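See below for the structure under consideration.
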Amino acid sequence: MMAEPLLTRDVFLDGRLSAWQPKDGYRAATDPLLLAAAVPARPGQRVLELGCGAGVALLALGLRVPGLSLRGVERQAEYAALARRNGAENGVDLQVTEADLVALPPELREGFDHVMANPPYYRPGSPPARDAGRDAALREETPLAEWVGTGLRRAKSGGFLTLIHLAERLPEILAALGGRASATVRPIAAREGRAAGRVLVQARKGGRAPFRLLAPLVMHEGPAHRADGDDFTPGAQAILRHAQALDWGDSAVSA
């Protein structure tokens with residue numbers, strides 16, 4: 001467990017969710033909240049997150065949808081411990097297993113209704129981060145295709161794999177799906193008129209629906225940030241402050 005002075009207790013969803021995080025390591029911001037909002041889970045379903053970190057995405061999903069069976073896998077022991085602590089302090093029943101996604105234990109090999117992941121964004125040759133935990137979270141070691149493949153294998157037939165990643169790596173994600181799932185993509189743009197920097201990908205295992213590219217979710221108002229404070233659009237505020245589910249249209253039921 002990390003020493004207490006190296007942790008901060010951060011609040012999300014207008015204070016309804018609080019989480020201990022490393023002060024200098026990988027720190028959850030908006031991406032885990034967007035990922036949680038993108039998972040079309042219903043009460044009673046089973047959810048697995050690959051690389052859950054301190055548990056913010058699972059906790060946000062658990063607070064939005066009651067009655068879920070939430071499982072996380074995290075290979076860094078200190079982050080796995082934080083996820084368990086954060087689950088307990090937020091009153092969310094969260095089970096976290098310390099393991100590598102390429103060698104999951106038998107109890108995580110059963111079919112899940114939903115698998116979600118925020119894989120490391122940067123390729124192996126990218127410059128390392130100053131903190132080892134942050135570096136492990138952000139710089140790819142296990143290939144992105146393996147994250148996609150493991151997620152699909154853990155999802156049951158008709159189940160969903162939901163990912164958030166860099167827009168530039170969307171072709172790799174779609175290639176890794178390899179016709180084994182239908183896919184719907186929601187681009188995420190910082191501001192109106194800007195190219196998408198991130199994408200949310202929802203894949204349904206065994207789905208045969210045509211590929212769908214939806215209108216982007218725009219995160220901030222106006223052409224530039226001009227004053228102190230947040231300038232989130234109403235759509236972004238609904239997700240980041242009020243834990244509203246992302247609108248996928250009819251893809252969650254027809255894909």
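The structure presented is a predicted model; accordingly, all values stated were derived computationally and were not measured.
- Within the 4.5 Å cutoff, no side-chain heavy atoms of L82 are placed close to those of Q21.
- With contacts defined as side-chain heavy-atom distances shorter than 4.5 Å, the pair R198/L34 does not qualify.
- Between S18 and N86, the shortest heavy-atom distance links the atoms O-OD1, 4.5 Å.
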Exercise. Check step by step if side chain to side chain contact (heavy atoms under 4.5 Å, CB included) holds for Y26 and Q76.
Key: CA-CA 11 Å; Y26 169 75; Q76 298 190 75; over 6 Å; no
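- Between R75 and E141 there is a salt bridge, with a side-chain nitrogen of the basic residue lying less than 4.0 Å from a carboxylate oxygen of the acidic one.
- Smallest separation of non-hydrogen atoms from P119 and W147: CB-CD2, 3.7 Å.
- Residue L68 comes nearest to A41 through the heavy atom pair CD2-CB, 3.9 Å, listed as atom of the first residue, atom of the second, then distance.
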- prompt: Is there a side chain to side chain contact (heavy atoms under 4.5 Å, CB included) between R180 and L177 once you walk through the steps?
  reply: CA-CA 6 Å; R180 294 173 289 172; L177 291 174; 5.8 Å; no
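- Using a 4.5 Å heavy-atom threshold, the side chains of R16 and R64 count as separate.
- Within 6.0 Å of CD in E89 there are more than 12 heavy atoms belonging to other residues, nucleotides or ligands.
- The shortest side-chain heavy-atom distance between L48 and H114 does not fall under the 4.5 Å cut-off.
- Here the shortest heavy-atom pairing between A99 and P105 reads CB-CD, 3.9 Å.
- Of the possible polar contacts, one joining the R204 side chain to the G158 backbone as a donor-acceptor pair under 3.5 Å is found.
- At least one donor-acceptor pair under 3.5 Å links the side chain of E74 to the backbone N or O of G53.
- Using modelled atom types, one side-chain atom of R208 and one backbone atom of G206 make a donor-acceptor pair closer than 3.5 Å.
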